[in-house]
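In what follows, a structure is listed as structure tokens, so that the remarks can point back to it.
Computed from a prediction, not measured in an experiment: that's the story for all the values here.
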Amino acid sequence: MSTRTRTRVAVVGAGLWSVALLLGAVTLPVYSGSSATTTSDGTTTETTSSATLVQENGSGVLIVLALPLLASLAVAALLLVRGRVGARSRPGRWLLAGAWVAVAACGALAVLGLLSIGVFVLPVAVALAVAVATVDPRPGPA
């Protein structure tokens with residue numbers, strides 16, 4: 001697999017995983033509960049419930065889960081523009097540095113949320129790091 005292909009696969013994989021995170025937060029039940037009540041005549045009724053991440057925590061969680069997608073889009077755009085302006089030019093080096101900043105921000109989100117959603121954000125951070133680390137160092141169009 002060529003370096004260019006590896007970079008593209010990593011960026012696309014990070015983007016798809018990020019979209020899956022958002023869809024999963026809305027559709028997959030991750031919280032469940034059950035309760036039992038006993039009436040005075042001895043009849044026990046058990047009820048179970050489940051909720052998605054958004055139902056349990058509100059729509060504000062979508063803002064947090066959109067950050068990996070934004071990082072993926074930023075890395076893709078920065079690497080694309082870098083390929084157009086030339087890798088060894090001054091703007092090309094700044095664009096690569098900007099891509100690393102987006103990777104670091106996504107990694108920080110994964111570490112800060114490690115006990116909750118961070119474990120699901122971590123693959124995005126790793127894929128973006130692979131994409132930026134394997135970007136073709138030669139100047140020219142991507």
Side-chain angles (χ1 to χ4, degrees), residues 1-39 42-142:
M1 181 183 296
S2 73
T3 302
R4 188 172 291 165
T5 302
R6 195 172 302 126
T7 302
R8 288 180 180 164
V9 166
V11 169
V12 169
L16 290 175
W17 188 269
S18 299
V19 170
L21 282 175
L22 286 168
L23 292 175
V26 175
T27 60
L28 296 176
V30 292
Y31 293 99
S32 63
S34 63
S35 64
T37 56
T38 304
T39 60
T43 306
T44 303
T45 305
E46 186 173 336
T47 57
T48 59
S49 63
S50 65
T52 65
L53 196 63
V54 172
Q55 289 170 334
E56 188 70 24
N57 298 300
S59 60
V61 75
L62 291 176
I63 294 170
V64 174
L65 286 175
L67 295 176
L69 181 59
L70 290 174
S72 299
L73 294 173
V75 167
L78 290 166
L79 294 182
L80 181 67
V81 172
R82 180 182 178 266
R84 303 278 184 232
V85 300
R88 294 193 180 123
S89 67
R90 174 175 246 138
R93 289 191 301 264
W94 281 106
L95 291 167
L96 187 62
W100 277 116
V101 168
V103 170
C106 189
L109 177 65
V111 169
L112 289 173
L114 204 53
L115 294 177
S116 60
I117 63 165
V119 71
F120 300 108
V121 176
L122 193 58
V124 177
V126 170
L128 292 178
V130 167
V132 177
T134 62
V135 72
D136 193 358
R138 295 171 298 186

Check your understanding: Can you tell me if Trp17 uses its side chain to pair, donor with acceptor, with the backbone of Leu122 under 3.5 Å?
Key -> no

**Study point:** Closest non-hydrogen atom pair, Leu79 against Ala131
**Key:** CD1-O, 4.2 Å

Review point. Under the side chain to side chain contact (heavy atoms under 4.5 Å, CB included) test, which residues partner Thr5, sequence neighbours left out?
Key: Met1, Ser2, Val9

Point to revise | Heavy-atom pair of closest approach, residues Ala66 and Leu22 | key: N-CD2, 3.8 Å

Point to revise | Nearest non-hydrogen partners of Ser72 and Gly15, listed with the distance | key: OG-N, 3.8 Å

Check your understanding: Which atoms form the tightest heavy-atom contact between Val103 and Ala125, and what is the distance?
Key -> CG1-O, 4.1 Å

Review point. What distance do Leu69 atom CG and Leu16 atom CG have between them, rounded to the nearest 0.5 Å?
Key: 10.0 Å

Review point. Any side-chain heavy atom of Leu53 within less than 4.5 Å of one from Tyr31?
Key: yes

Exercise for review: Can you spot which of Val130, Leu95, Leu96 makes a side-chain contact (heavy atoms from CB on, under 4.5 Å) with Val135?
Suggested key: Leu96

Practice item. Using distance alone, with no hydrogens and no angle criterion, decide if Thr47 and Ser35 have a side-chain donor and acceptor under 3.5 Å apart. Key: yes

Check your understanding: Stepwise, does the side chain to side chain contact (heavy atoms under 4.5 Å, CB included) test hold for Leu62 with Val26?
Key -> CA-CA 9 Å; Leu62 291 176; Val26 175; 3.9 Å; yes

**Study point:** OG1-CG distance between Thr7 and Leu80, expressed to the nearest 0.5 angstrom
**Key:** 12.5 Å

Practice item. List the steps and the verdict of side chain to side chain contact (heavy atoms under 4.5 Å, CB included) for Leu109 and Val64. Key: CA-CA 9 Å; Leu109 177 65; Val64 174; 4.0 Å; yes

Practice item. Compare every heavy atom of Ala36 with every heavy atom of Thr44, then report the nearest pair and how far apart it is. Key: CG2-CB, 4.3 Å

Practice item. Considering non-hydrogen atoms only, spot the tightest contact between Ser34 and Glu46 and give its length. Key: CB-OE2, 4.1 Å

